[in-house]
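Structure, as structure tokens:
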Protein chains: 2
Amino acid sequence: MPVKKAVQGSMVTSREPRPPRVLNEAHEDCAIRRVLDRLGDKWSYLLILKLAKGPQRFGELRRAVDDISQRMLTETLRSLQRDGLVARTVYPTTPPSVEYRLTALGQSLLEPMQGLVAWADRQLPAIVSARATFDQAKCG
Amino acid sequence: MPVKKAVQGSMVTSREPRPPRVLNEAHEDCAIRRVLDRLGDKWSYLLILKLAKGPQRFGELRRAVDDISQRMLTETLRSLQRDGLVARTVYPTTPPSVEYRLTALGQSLLEPMQGLVAWADRQLPAIVSARATFDQAKCG
DNA sequence: CAGCATCCTCGTGGATACTG
DNA sequence: CAGTATCCACGAGGATGCTG
């Protein structure tokens, strides 16, 4: 395991301080990549699944997920809203109450998503087992 | 393993060096999260889609994706292999030749994945449009 | 209650050099 | 060709404090 030198010895290479990195963005026009960049983050997929159960308030979602930080909940919900997958409704009560629900577009994502969820549920044992075999072969 | 302290500036804040973070791992038993942690990375999904076309050699995959670094190609392929989604075959020629192909388990993932790809292709315009509207409302 | 602002840590992954 | 090994930039996201 790479314990991270930390030191960078006294003598050290003649290495230059590395020029800024230039991104290759050629893939930006690939639909699946753009969608995965969105759904592949830590919380989006999960929040959509929670919202599939029906509209929910901010605090409800927070409790439903329970290990999401409030900052990420806010941020993820907003980006889902931006993409038109989630709608946000403010009720001007005191204290304020905000409800989130899936839009039609968001709903339309449920079907393909549930296909993946079903696959995950079915195949997880096989994956875990494959993993064990692989690790055994390595270390045994 | 996080040895890393390294600098931590000379003068700097009166703030304490923040106690170590303890992970909430309560979600570890959720199949979809475990599967997404795997497929949600930058390359797995894409490599599986490439391998769906048939077995391919290391270099072929490298060129097929073309903006993946060789390090990440190696690493991603190995973790897919570990999970039993991809099989690796070495042909002891000179120079060596290594072929990767989807296992049956990997194949079984294609169907749910393609559902998602299809959705992405269909709905990307709607998402882009929603995004524009949202941004307009913000800045306009 | 439903956020916003700030700061800081750490994991992901790119760049590069080297090997069998 | 198909990797391994190292170094390091950067952005995701947790912790915390404050607000309407």
Side-chain angles (χ1 to χ4, degrees), chain A residues 1-9 12-25 27 37-38 40-44 46-47 56-63 65-79 81 88-100, chain B residues 1-9 12-25 37-38 40-44 46-47 56-63 65-79 81 88-100 138:
Chain A
M1 195 142 312
V3 187
K4 277 260 163 173
K5 285 297 176 153
V7 190
Q8 190 71 304
V12 172
T13 76
S14 54
R15 199 188 292 275
E16 293 293 314
R18 224 166 272 291
R21 179 155 56 96
V22 180
L23 282 183
N24 177 342
E25 308 193 359
H27 63 275
D37 279 352
R38 172 112 313 299
D41 67 29
K42 198 169 176 186
W43 304 110
S44 295
L46 209 57
L47 282 179
Q56 300 189 51
R57 293 180 49 188
F58 188 87
E60 289 179 307
L61 284 170
R62 194 156 158 45
R63 280 185 296 277
V65 177
D66 101 314
D67 60 339
I68 193 174
S69 70
Q70 163 256 53
R71 176 175 168 275
M72 287 319 294
L73 182 53
T74 302
E75 220 167 82
T76 306
L77 284 171
R78 182 165 303 117
S79 80
Q81 184 193 356
R88 176 178 184 269
T89 314
V90 181
Y91 299 100
T93 57
T94 13
S97 156
V98 180
E99 187 188 85
Y100 294 88
Chain B
M1 66 161 61
V3 180
K4 267 265 157 153
K5 284 260 128 175
V7 193
Q8 197 65 298
V12 172
T13 79
S14 53
R15 200 187 290 275
E16 292 295 314
R18 224 168 270 290
R21 179 155 54 97
V22 180
L23 282 181
N24 178 342
E25 307 192 359
D37 278 353
R38 172 110 318 297
D41 67 30
K42 198 169 176 183
W43 304 109
S44 294
L46 209 56
L47 281 178
Q56 301 189 51
R57 293 179 51 188
F58 189 87
E60 289 178 306
L61 285 170
R62 194 158 159 44
R63 281 184 296 277
V65 177
D66 101 312
D67 60 338
I68 192 173
S69 69
Q70 164 256 50
R71 175 176 168 273
M72 286 318 295
L73 181 53
T74 303
E75 220 167 81
T76 305
L77 284 170
R78 181 166 303 117
S79 79
Q81 184 194 355
R88 176 179 183 269
T89 315
V90 181
Y91 299 100
T93 57
T94 12
S97 156
V98 180
E99 186 188 85
Y100 294 89
K138 284 265 146 179

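The chains referred to below are lettered A, B, ... by the order of the sequence lines, with proteins before strands, and numbering in each begins at 1.
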Donor-acceptor pairs are to be reported for all side-chain atoms of residues 68-77 of chain B against protein atoms at under 3.5 Å, with residues two or more places apart or in another chain.
{"unit_1": "B:S69", "atom_1": "OG", "unit_2": "B:M72", "atom_2": "N", "d": "3.3"}
{"unit_1": "B:T74", "atom_1": "OG1", "unit_2": "B:Q70", "atom_2": "O", "d": "3.0"}
{"unit_1": "B:T76", "atom_1": "OG1", "unit_2": "B:M72", "atom_2": "O", "d": "2.7"}

(message) Without decimals, in angstroms, what is the distance between A:Y91 OH and C:dC1 C1'?
(response) 15 Å
(message) I need the minimum non-hydrogen distance between A:E60 and A:Q56, along with the two atoms involved.
(response) OE1-CA, 3.3 Å
(message) Tell me the interatomic distance from B:E75, atom CD, to D:dT6, atom P, rounded to whole angstroms.
(response) 14 Å
(message) Is there a side-chain contact between B:R88 and the phosphate of D:dG3, meaning an N or O under 4.0 Å from OP1 or OP2?
(response) yes
(request) Round to the nearest Å and state the distance from B:D66 atom CG to C:dG14 atom P. (result) 12 Å
(message) Distance check needed: D:dC1 P versus B:E99 CD, whole Å only.
(response) 16 Å
(request) Rounding to 10 degrees, work out the angle separating the end axes of the helix from C:dC1-D:dG20 to C:dG20-D:dC1 (five pairs an end). (result) 50°
(message) Among residues at least two apart in sequence or on other chains, which ones pass salt bridge (Lys or Arg N to Asp or Glu O under 4.0 Å) with A:R62?
(response) none
(message) Please report the distance, rounded to the nearest Å, between CZ in A:R62 and P in D:dG14.
(response) 11 Å
(message) Closest approach to the side chain of A:F58, judged atom by atom: which nucleotide of D:dC1, D:dG14, C:dA2 is it?
(response) C:dA2
(request) Send over the distance from A:Q56 CD to C:dC1 C1', rounded to a whole Å. (result) 16 Å
(request) Classify the nucleic acid contact of A:R57 as base, sugar-phosphate or nothing, counting any heavy atom under 4.0 Å across all strands shown. (result) sugar-phosphate
(request) Would you tell me if any nitrogen or oxygen in the side chain of B:R78 comes within less than 4.0 Å of OP1 or OP2 on D:dT4? (result) yes
At a cut-off of 3.5 Å, list every protein nitrogen or oxygen paired with a nitrogen or oxygen from nucleotides 18-20 of chain D, distance to 0.1 Å.
none

(message) Listing request: all side chain to side chain donor-acceptor pair (under 3.5 Å) pairs with a residue in residues 88-98 of chain B, at least two apart in sequence or in separate chains.
(response) B:R57-B:S97, B:R88-B:Y100
(request) May I ask you to verify if any side-chain N or O of B:Y100 is less than 4.0 angstrom from the OP1 or OP2 atom of D:dC1? (result) no
(request) Hey, which sits more toward the 5' end of DNA chain C by its nearest nucleotide, A:S97 or A:R71? (result) A:S97
(request) Output the distance between atom CZ (A:R38) and atom OG (A:S79), rounded to the nearest 0.5 Å. (result) 3.5 Å
(message) Heavy atoms from C-beta onward define the side chain here; which of D:dG13, D:dG3, C:dG14 lies closest to that of B:T74?
(response) D:dG3
(request) Please tell me which of B:S69 and A:L77 maps to the more 5' nucleotide of DNA chain C, matching each residue to the nucleotide holding its nearest heavy atom. (result) A:L77
(message) If I take atom CG in residue A:L73 and atom P in nucleotide C:dC1, what distance separates them, rounded to the nearest angstrom?
(response) 13 Å
(message) Tell me the interatomic distance from B:L46, atom CG, to C:dG13, atom P, rounded to whole angstroms.
(response) 12 Å
